[in-house]
Amino acid sequence: MSPPAGEATLTAVLHVPEWTGVRVLAGLTDDAGARQLTGVVIVPAAEVPEAAIAGRLLVVLHEVDRTDWRLDVLVRRARAAGVAALVLPGTEPVGWATAALADRVGLPVLGSPAPLEAGLAARRLLGRTGEVQARQVLRTVAACRRAGRTVEDLAREVTRVLRRPVALLDRSGHVTVGDVPGADRAALAAALGSRNPAEDARLPLPSGVVVLAAPVVVPGGETAAWAAATLPEAPAAEEAAVAAALAVAAVGFGHRLAVRRLTSERDARSRTSLLGELLNAGGAASAATRRRAVAAGWPLEGWHTAVRIAAQREVDTVGLRGEVVAALAAQDVRAVVVESGDGWSAWTTTTHEPGAADVQAHSAKLRRSQRDLAVVVETQVGVGRPHPGLAGLTRSLAEAADACRLAASRPHTGRFVQVDQLGLAQLLLAWTRTDTFQPAARSLLQPLEDQPGDLLHTLGVYLDAESSVAETAAVLGVHRNTVAGRMARIQQLLAVDLADAEQRLALHLACRTMGVAADREAPQDG
């Protein structure tokens, strides 16, 4: 619930942007800060007026000698009259005796480099809510006109005008532009994600911070995001003004998002069309197609390694392309990314044929990118082998697509399959699908069955991850210490030494056999 209009605590007024230069000189206790201010009295000299001024802010305009005994008299008289706080011109400290007196009588003494402006700002906040709203709305309208074409430009400009952090959150409540300082991101996402987008939102957080959010509606009536502003404890007038200004800014965000969407869809159609032409060309693209590829920055020569990334649920592949590019770039994978069907086709190009170590390093980066992307969307990923030239690109993309389809039914690999590893794996699996090996494998792993901690699955993932505890923890979504503990338990139950290559190979083959059984039971996708 927002504070009542026309009232504010002294602490709230101290947080308004117009009071940025005001300093506390003495006497501010928690009780004094929580007092409700009922008005503002501005006087030219250091005197207490005869009128009833209880609960009001007393602002003195003319300089007051900080060492004069008359300042102590002013403090005593102001407190006796019930003044809520005293504002002096200038921010120089008061003498220790005056500070001790203010502390003892409980009268906050403040200093301002511009006391008249501070007093008038406080008066507006306490008595003229409509005027404060109108001023902020007009300034925000001007900011929307003045800001650049991107949502980032607008967020910066509105933040500057409101002097409050302004951010853009996606529909599920995750921050996409700007910042929401002092907010628990997960709690904020949960609160906004479950809220009716058709309504404005006011979210008081346990930290005392208030987040105001206004729905950002794009043409067609769809609520695409939230415009959010973060305030500390604030007067009702300022909160109402920021809420009104935020509603105006939301229109500006919606306009920019719509323009960005149109541009993205146009670019996506162009990329998809170009990729289709290249694939249909079968290694002999026309000069016009090659020119388009060059213009798009797509290298056609060299060694191409393709990746197929498919979302596990229906998503906006155009809107999320930037997230995919960012997740790859974060792992130093500079790839061409094209929206395609239920996901994205991507590839990297090198001038020379990658060696085995390069392929493994590239694969590890892609695995990390998949995990980073999981914050936004769960995916299955297939990686093709490196092949040269335009025909090689087509071949690598086809291999990546096949691997991606297999990845859908392989949760024990983190739904990540690389064609190079797939060939060896299939060979080993074919060998282990014998009537003599399968009973032996089950017997070997039987001590792990019905044990707490899913030890059999953990062992399979650990061996697939080349005995990497960190990789295993990432795939299983548990802590490294949990994996280490499970592996120690596994070695104890099986009475094996995983440092022994032969024992490790035997266990790996046995796990693959058991994994084949799991794959057969799992629903096949594609």
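Index from 1, following the sequence.
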Is it true that a side-chain atom of [X] and a backbone atom of [Y] form a donor plus acceptor pair closer than 3.5 Å?
X	Y	value
Trp344	Thr317	yes
Thr159	Val166	yes
Arg66	Glu92	yes
Gln133	Ala245	no
Ser273	Arg269	no
Thr272	Glu339	yes
His255	Val251	no
Glu157	Ala143	no
Thr38	Gly55	yes
Arg334	Thr348	no

Using a 6.0 Å cut-off, check whether atom CG of Asp30 has over 12 heavy atoms from anything other than its own residue. no
For Arg480, I'd like to know if atom CZ has over 12 heavy atoms of other residues, nucleotides or ligands within 6.0 Å. no
Are any non-hydrogen side-chain atoms of [X] and [Y] less than 4.5 angstrom apart?
X	Y	answer
Arg123	Val59	no
Arg146	Val161	yes
Val24	Pro108	no
Arg260	Val151	yes
Val158	Leu154	yes
Ser369	Leu373	no
Val60	Val87	no
Pro113	Thr91	yes

Please enumerate all residues that pass side-chain hydrogen bond (donor to acceptor under 3.5 Å, both in side chains) together with Asp372, with sequence neighbours excluded. Gln331
Determine whether Arg202 and Glu239 satisfy the following criterion, salt bridge (charged side-chain N to carboxylate O under 4.0 Å, His left out), listing intermediate values before the conclusion. CA-CA 10 Å; Arg202 179 183 188 274; Glu239 192 172 305; 2.3 Å; yes
Does [X] come within less than 4.0 Å of [Y], counting only side-chain N to carboxylate O?
X	Y	result
Arg368	Asp332	no
Glu47	Arg70	no
Arg156	Glu152	no
Glu18	Arg124	no

Give, for atom [atom1] of [X] and atom [atom2] of [Y], the distance between the pair rounded to the nearest 0.5 Å.
X	Y	atom1	atom2	answer
Leu231	His15	CG	NE2	10.5 Å
Ser340	Leu275	OG	CG	6.5 Å
Leu120	Glu117	CG	CD	7.0 Å
Thr176	His174	OG1	NE2	11.0 Å

Arg367 versus Gln370, side-chain donor and acceptor atoms under 3.5 Å: no
When you compare the side chains of Asp153 and Thr150, does any donor N or O come within less than 3.5 Å of an acceptor on the partner? yes
Worked check of salt bridge (charged side-chain N to carboxylate O under 4.0 Å, His left out) between Glu238 and Arg164: CA-CA 11 Å; Glu238 198 211 354; Arg164 300 298 190 193; 3.0 Å; yes
Side chain to side chain contact (heavy atoms under 4.5 Å, CB included) test vs Val216 passes for just one of Asp170, Leu168, Thr223, namely Leu168
Sole candidate of Thr67, Asp72, Asp103, Asp68 that passes side chain to side chain donor-acceptor pair (under 3.5 Å) when paired with Thr98: Asp72
